[in-house]
Amino acid sequence: MSPLLPKVVGGKVKKPGKRGRKPAKIDLKAKLERSRQSARECRARKKLRYQYLEELVSSRERAICALREELEMYKQWCMAMDQGKIPSEIKALLTGEEQNKSQQNSSRHPKTGKTDANTNSLLGN
């Protein structure tokens, strides 16, 4: 059979062409109202999206400013070290690292329930 010829199915003649249900007669006013409501919702979503993006841009700009300040600080430190000076901040960082290392070394020793006289004297006990 050719696809353009009508088919007989269950005693009924089916015409070729459109398939599925025919659209129901929709009230024009209801359709317009749904369209308006959809447009309002779309504008609200768009507004929220733009607010989110503006907040994101603002937070990124603040992060950029903070990084620029940090970079400037590091440049100042480098210029000071080129002149043979060690900035106090670097000294503090170095002494802080030394303290961390000493704390890590002391925590690596196995802890037993017993303490000897030397450990007690070091701890101030």
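Side chains are part of it too, since the values below use all heavy atoms of this structure and drop only hydrogens, waters and symmetry mates.
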Worksheet item: Looking only at atom types and distance, does a side-chain atom of S38 sit under 3.5 Å from a main-chain N or O of R34, one as donor and one as acceptor?
Response: no
With a cut-off of 3.5 Å and sequence neighbours excluded, list every side-chain donor-acceptor pair involving residues 67-75.
unit_1	atom_1	unit_2	atom_2	d
E70	OE2	Y74	OH	2.8
E72	OE2	Q76	NE2	3.1

Discussion item. Apply the hydrophobic cluster definition, ILVMFWY joined by side-chain contacts under 4.5 Å directly or through others, and give me every member besides Y52.
Written reply: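 Traced through the cluster, Y52 reaches L53, L56.
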Output side-chain donor-acceptor pairs under 3.5 Å for residues 79-87, partner residues at least two apart or in another chain, one line each.
none

Partner residues of [X] under the side chain to side chain contact (heavy atoms under 4.5 Å, CB included) criterion, sequence neighbours left out:
{"X": "L93", "answer": "W77"}
{"X": "E41", "answer": "Q37, R45"}
{"X": "Q51", "answer": "K47, L48"}

Worksheet item: For R49, what residues pass the salt bridge (charged side-chain N to carboxylate O under 4.0 Å, His left out) criterion, not counting sequence neighbours?
Response: none
Fill in: side chain to side chain donor-acceptor pair (under 3.5 Å) partners for S88, two or more places apart
none
Worksheet entry | From OG (S35) to CD (E33), nearest 0.5 Å |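 The OG atom of S35 sits 9.0 Å away from the CD atom of E33.
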